[in-house]
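Okay, structure first, notes after.
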There are 2 protein chains.
Amino acid sequence: MKRQVTIKDIAVKLGLSTSTISRALKDHPDISPKTRTAVKELAALLGYRPNRIALNLRNNSTRTIGLIIPEIEHYFFSAIINGMEEVAYKNDYSVMVFQSNESYKREVINTQAVLTNRVDGVLVSFSKETKDFSHFQKLIDNEIPVVFFDRVIDALQADQVVADDYHGAFMAVNHLVERGCKRIAHFAAPQHLAIGKGRLSGYHDALLKHNIHFDQSLVVLADTFESARKAAHEILRRPDYPTGFFAVNDMSAIAIVKEAKQLGLKVPDDIRVVGFENSKLAAISEPELSTVDQFGFELGREACLMLLKRLKSSEREDPFVPIKKVIKTRLIVRASS
Amino acid sequence: MKRQVTIKDIAVKLGLSTSTISRALKDHPDISPKTRTAVKELAALLGYRPNRIALNLRNNSTRTIGLIIPEIEHYFFSAIINGMEEVAYKNDYSVMVFQSNESYKREVINTQAVLTNRVDGVLVSFSKETKDFSHFQKLIDNEIPVVFFDRVIDALQADQVVADDYHGAFMAVNHLVERGCKRIAHFAAPQHLAIGKGRLSGYHDALLKHNIHFDQSLVVLADTFESARKAAHEILRRPDYPTGFFAVNDMSAIAIVKEAKQLGLKVPDDIRVVGFENSKLAAISEPELSTVDQFGFELGREACLMLLKRLKSSEREDPFVPIKKVIKTRLIVRASS
DNA sequence: ATTGTTTTCGCAATCGGTTGAAATTTATGC
DNA sequence: GCATAAATTTCAACCGATTGCGAAAACAAT
């Protein structure tokens, strides 16, 4: 790589010291107007750019945020990244992305990577596999601000940003009941994830409100297209199949719709389906999918803003009080229900 | 932030010099086995991690790759990022993501950002708005290796990785003809993009092969869901509407299908549609969409590998010979055609 | 001309690690 | 026991920028 222009180059050419150049460039009052303009002109001419690495070393800060995320190839997460990058950009931070690919092992390595890269703070949504959180604790022990989003854990002393899973689920199921569904299935996420728990309990309480018996056999673990399709196939072939379906995400909901059509069932005439996420898929599928919008972009924004706030008030006060921010969700009623 | 353990801390505790610590940690032969193990043990005990920033400064390298991309929230691009991150990860590089959001202005700022962040190399897919490429030329002038992917430009002396747009388009249109379509429309991307040109000319030549007249009125600019839907609406209401549609991407194809259904046309009975991308959407839509797989993951992999190769042979030989790698595409025939 | 102020600028240390060369310690040979 | 070689370790400069403090230069006042 070509050697970049340094402050020294300017200093030599002008017969000045590097200190003077440095101060001139940042309008230090000690520098006379003549030399200041001379310096600035030459700097511009040479295309000088301060070496961020040197500044990083001196300031012990990289203006970089580490992002550990299960997988980018998922509409919800890419929307979140979008929101984060937006906030980071506006605050002159850069974002380093590390995918865990839903692998615990990889995630542990990712936490080491953010450490060696000396990021100023970390945004995390952990993998489905993750049951042990000591690698994140290590970040916190190193006093690196960490904000968890979407997939969060209360056991760690860290900020959280989540969608209002409970209320979203409640609205969705309530809506299904109001549309006449008596038996409503829930395609759930793993219960060790907060989103899994929150959405299930929203589902549960909405049933309760309408005095509908909670039937454990109508709750199945199915948060991917394949697993949901398989589960839908089974459940829809029962003689007493449910007429309402609340899925933990859009992919899962679309699998239900697809399988129903396959089995000759009409949506929304025979069964009604509501998803969760409001991805592009939801608006495009046939029939258009009712869903709960969880505002990924806003969630990303908020998570990043929260992290930046922690970075500003860098001194970790004792005791550290974690903040939990809940992003409102909204029910979007479309043709599938 | 808590002060990290430095080499100096270890040196003081062991009554040695920093040089010795440094050498001991990297198994320099000059260091005696005793001190080496002592150093390593203490380092492990203290949880010492070398300060990457200091190394960055010394080596004038950050082991970081800048990625400038229109928008993450697009299946194709997220698949590409996935492939890139995979390769970067395996080679101990990190990826910094900068979105242009299809904005030229933002993109220019992004190129400055990768410069100030002193990334070792840059991967670029430019925005639709971009007509002037001098900001990329500046990167090249700074001798920062740049690899363009998907959206590429021949005018710059830089490597390129692209999908085989021409052949993919050719296969798609050829397939439509073989299924009996005589009149085939093309929903195209802007012609200043290589993908727009390549896919159009594949379309053109496939028609030519079958002696089908090229009708300019059947080529419309429509590479988003909305624009495609609108265009489909108009074109399908012509009395002599085409029976075959080749769309420049899946979104566009799905819009066509959707609009056709709306107008009471059956797919694939009345019209046949083929997209380009092979996104998740394609497999999920109704009917399942025939499409050209452009292997985003592999494309990302290859682009990153190419960049890493340039980083290794850092000395930019003169004359610099740009490499253009074409990733094979594959026609996937599903129900929509 | 001398002293006192101001203005303007340079020295040198610092951030954390690396590395060529010099210095010190230890081992070897006679 | 002493010279020499070999094995260890330290010194000091360096990467690029910042900054407290001291110094030189310019100017004013006596």
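In what follows, chains are A, B, ... by sequence order, proteins preceding strands, each numbered from 1. For the numbers below, each heavy atom of this structure counts, side chains included, while hydrogens, waters and symmetry mates do not. The model shown is predicted, which means the values in this text are computed figures rather than measured ones.
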Would [X] and [Y] count as a close aromatic pair, with their ring centres under 6.0 Å?
{"X": "A:Tyr75", "Y": "B:Tyr75", "result": "no"}
{"X": "A:Phe126", "Y": "A:Phe133", "result": "yes"}
{"X": "A:Phe136", "Y": "A:Phe148", "result": "yes"}

Atom pair distance, as rounded to whole Å: [atom1] in [X] and [atom2] in [N]:
{"X": "A:Lys8", "N": "D:dA17", "atom1": "NZ", "atom2": "C1'", "answer": "12 Å"}
{"X": "A:Asn56", "N": "D:dG16", "atom1": "CG", "atom2": "P", "answer": "14 Å"}
{"X": "A:Lys26", "N": "D:dT19", "atom1": "NZ", "atom2": "C1'", "answer": "9 Å"}
{"X": "A:Arg23", "N": "D:dC21", "atom1": "CZ", "atom2": "P", "answer": "12 Å"}
{"X": "A:Leu25", "N": "D:dT19", "atom1": "CG", "atom2": "P", "answer": "13 Å"}
{"X": "B:Asn51", "N": "D:dC15", "atom1": "CG", "atom2": "C1'", "answer": "13 Å"}
{"X": "A:Tyr48", "N": "D:dG16", "atom1": "OH", "atom2": "C1'", "answer": "8 Å"}
{"X": "A:Arg52", "N": "D:dC15", "atom1": "CZ", "atom2": "C1'", "answer": "18 Å"}

Can you tell me which nucleotide in [options] comes closest to the side chain of [X]?
{"X": "A:Ala54", "options": "D:dT8, C:dC9, D:dG16", "result": "D:dG16"}
{"X": "B:Leu16", "options": "D:dT9, D:dG16, C:dT8", "result": "D:dT9"}
{"X": "B:Ser32", "options": "D:dT18, D:dT9, D:dA13", "result": "D:dT9"}

Once you apply a heavy-atom cut-off of 4.0 Å, does [X] come out as touching a base, just sugar-phosphate, or nothing?
{"X": "B:Ser19", "answer": "base"}
{"X": "A:Thr6", "answer": "sugar-phosphate"}
{"X": "B:Ile53", "answer": "nothing"}
{"X": "A:Asp30", "answer": "base"}

| Is any side-chain nitrogen or oxygen of B:Thr20 closer than 4.0 Å to OP1 or OP2 of D:dT9? | no
| request: Without swapping roles, check the side chain of B:Arg106 against the backbone of B:Asn101 for a donor-acceptor pair under 3.5 Å. | output: no
| request: Could you check B:Ile31 against A:Leu57 and say which one's nearest nucleotide on DNA chain D is further toward the 5' end? | output: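 Result: B:Ile31.
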| field | Salt bridge present between A:Lys90 and A:Glu85 (N-O < 4.0 angstrom) | value | no
| query | Looking only at N and O atoms, is any donor in the side chain of B:Arg49 or the base of C:dG17 less than 3.5 Å from an acceptor on the other one? | reply | no
